[in-house]
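So you know, we letter chains A, B, ... as the sequences are listed, proteins then strands, and number each from 1.
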There are 2 protein chains.
Amino acid sequence: MTSSNRPAGEVPRVRAGRDRGIPDATVARLPVYLRALMTLSERGTPTVSSEDLASAAGVNSAKLRKDLSHLGSYGTRGVGYDVQYLIYQISRELGLTQDWPVVIVGTGNLGRALADYGGFVSRGFRVAALLDADPAKVGQQVAGMTVQHVDKLEAVVQESGVAIGVIATPAPAAQEVCDRLVAVGVRSILNFAPVVLQAPDEVRIRKVDLSIELQILAFHIQRATGGQLPALAGEQEPEGAT
Amino acid sequence: MTSSNRPAGEVPRVRAGRDRGIPDATVARLPVYLRALMTLSERGTPTVSSEDLASAAGVNSAKLRKDLSHLGSYGTRGVGYDVQYLIYQISRELGLTQDWPVVIVGTGNLGRALADYGGFVSRGFRVAALLDADPAKVGQQVAGMTVQHVDKLEAVVQESGVAIGVIATPAPAAQEVCDRLVAVGVRSILNFAPVVLQAPDEVRIRKVDLSIELQILAFHIQRATGGQLPALAGEQEPEGAT
DNA sequence: ACGTCCTTGTGAACGTTCGCACAAAGTGAG
DNA sequence: CTCACTTTGTGCGAACGTTCACAAGGACGT
Ligand SMILES: NC(=O)c1ccc[n+]([C@@H]2O[C@H](COP(=O)([O-])OP(=O)(O)OC[C@H]3O[C@@H](n4cnc5c(N)ncnc54)[C@H](O)[C@@H]3O)[C@@H](O)[C@H]2O)c1
Ligand SMILES: NC(=O)c1ccc[n+]([C@@H]2O[C@H](COP(=O)([O-])OP(=O)(O)OC[C@H]3O[C@@H](n4cnc5c(N)ncnc54)[C@H](O)[C@@H]3O)[C@@H](O)[C@H]2O)c1
């Protein structure tokens, strides 16, 4: 049939209505700015210019200003941004003024490292439960919590109002865990297993994949050195440094 | 006087010359395709269409075809792509046909999990050394290797021809470790510490940051639910209760 | 040999992101 | 108050990325 899915008279507005749409690229940088601001705050710095904050965050200053302009006009021309106020505004925009209960599924090496991770709790995130399928792991104490059986997943999610699921199981189990999380209403998932999870569009999935990161780095090394190991590439041509 | 650095008659080509420039976005997806292809290979599938492979990788099929077209014309019209051949071509492009020695600095919870991680070695990556500053950790066996003191960093990098450094130390130590890695010639770094590392432009730094990922997810949840916890959003409104 | 069917590879349109450059807006000295 | 100076907020063009749509190319049956 190949029916044209584009009604001829339709206005091609994608995000009609709310103008609150903050670009994805900006959202991804806000946490970086927030962290830089926290460092400044600890040092007692009262205000910061876009130039200095951008430098601390590792971005272009014009980009930083444009990013912040999406939140509103919180700077003072000729002065800069009030550190405390900006921390509050970014936190509010990211939804960090409230507590987000998180469930971690899979309490292996990685799951335990995540549970122990201090920066986890330091923002508004709280580990609501640690789950595992291995009977030997259930009942263990990890980071001050008792590991529960993964059968309790649905109960835990509903009782604690879990909004975010973290998957740290082996790859073969990840899709099933994902399906169960989605079935009980979790719509945000952070996946550490090396698989592409299939889920409905309304579920937001982010992945962290060490192996992919290394492969990207390897590509660039090879591109730069022509495929030689850098340490060896340098030995062929003695370059000043003897 | 804002001298125009753009000669009027100049063609705005940025990457003139080599057409080998593969877009960053494409490079970031190649490892995903590779993984999907490995799965197909294990099942003995001889060929795959762009539609099927794209579906397995979670991307649009046109995007996949364009990505692969940057490597060359390795498909057969009317048939699809030969799985084995494509695995080889992508591996070669990413530089995975050789072994990349990696050094992991910081052997805490995360560093140990990384060292244990099977998918690490499964591709062309090999842990050349595990380093830590804590005398209590030095000498311990982790993933079949002996943890060495971080003082050996320079020696290990040079002897093993380490091309990639992984930083899994606490945040305050990360910049110093980074500086030392850069000083001995490492130009690709994967950073797990929650800091923005400062390094020369020629050093390629990628970061993995759990906390940032969670904050991005939190933003979208809040945007979707208006700031309520999703589990609570569906419940009754406190109506006239006061 | 030839036509039909299938899938690749890519031109072109569209959307997003980036960064320059500068007007607008505020500070502070005299 | 006025002027010099600093820094924000943003218009705009360029670069980059995505997606549609289809011509080109190859396989395969007849
Ligand atoms: N360890 C790393 O550094 C690292 C890095 C990148 C990716 N990963 C991935 O993260 C995942 C976890 O890695 P790990 O090193 O912790 O592995 P692990 O084997 O140490 O831990 C996996 C845990 O998941 C549990 N599990 C298995 N099936 C389950 C299920 N259906 N429900 C709940 N729990 C279940 C196991 O009992 C085990 O405790 C793996 O997919 C791995 O590939 C790990
Ligand atoms: N654990 C996680 O899940 C997780 C997640 C995200 C980010 N991170 C970050 O990764 C880093 C490591 O986390 P962790 O949980 O393994 O912490 P950890 O405290 O368990 O381990 C840190 C290790 O680094 C060593 N170290 C300290 N200074 C060093 C130096 N100068 N040189 C070499 N080694 C040094 C310490 O002795 C310790 O063994 C931290 O920056 C943390 O914020 C961790």
**Q** E93(B) and Q222(A): which non-hydrogen atoms are nearest, and at how many Å?
**A**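 Distance-wise, the nearest heavy atoms are O-OE1, 3.2 Å.
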
**Q** Please give, in whole Å, the distance from dG15(C) P to D24(A) CG?
**A**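 After rounding, the reported distance stands at 16 Å.
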
**Q** Indicate whether any N or O donor in one side chain lies under 3.5 Å from an N or O acceptor in the other, for S55(A) and E51(A).
**A**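 No donor-acceptor contact under 3.5 Å links the two side chains.
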
**Q** Minimum heavy-atom separation for P194(A) to D209(A), with atom names?
**A** CA-OD2, 3.8 Å

**Q** Rounded to whole angstroms, how far apart are CG on L30(A) and P on dT17(C)?
**A**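 Answer to the nearest Å: 13 Å.
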
**Q** Within this structure, what is the NE2-to-P distance between H70(B) and dT8(C), rounded to whole angstrom?
**A** 16 Å

**Q** Is there a donor-acceptor contact under 3.5 Å linking the side chains of T97(B) and R92(B)?
**A** no

**Q** Does any N or O in the side chain of S73(A) come within less than 3.5 Å of the main-chain N or O of S69(A), such that one atom is a donor and the other an acceptor?
**A** no

**Q** Between CD of Q215(A) and CG of L210(A), what distance do you get to the nearest 0.5 Å?
**A**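 One gets 9.5 Å once the value is rounded to the nearest 0.5 Å.
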
**Q** Whole angstrom is fine here: how far is it from CG in L68(A) over to P in dT8(D)?
**A**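 To the nearest whole Å, that distance equals 9 Å.
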
**Q** For a quick test of reading the model: is some side-chain N or O of Y81(A) closer than 4.0 Å to OP1 or OP2 of dT6(D)?
**A** no

**Q** Taking all atoms of both residues into account, what is the closest heavy-atom pair of S188(A) and I221(B), and its distance?
**A**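 Closest pair (atom of S188(A), atom of I221(B), distance): OG-CG1, 3.2 Å.
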
**Q** Classify every nucleotide of nucleotides 24-30 of chain D by which part a protein heavy atom approaches to under 4.0 Å, writing B for the base, S for the sugar-phosphate alone and - for neither, in 5'-to-3' order.
**A** BBSS---

**Q** Nearest whole Å is fine: how far is dG9(C) P from L71(B) CG?
**A** 10 Å

**Q** Applying ring-ring contact (aromatic ring centres under 6.0 Å, His included) to Y81(B) and Y74(B), what does each step give before you reach the verdict?
**A** CA-CA 7 Å; Y81(B) 299 89; Y74(B) 297 138; 8.8 Å; no

**Q** Classify the side chain of K66(B) and the base of dT19(D) as holding, or not holding, a donor-acceptor pair under 3.5 Å.
**A** yes

**Q** Are side-chain N/O atoms of Q84(A) and Y88(A) paired as donor and acceptor at under 3.5 Å?
**A**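 No, no side-chain donor-acceptor contact under 3.5 Å.
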
**Q** Atom CD of Q89(A) and atom P of dG9(D): how far apart are they, to the nearest Å?
**A**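 In whole Å, dG9(D) P lies 12 Å from Q89(A) CD.
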
**Q** Going by heavy atoms closer than 4.0 Å, what residues in residues 44-65 of chain B are next to DNA chain D?
**A** N60(B), A62(B), K63(B), R65(B)

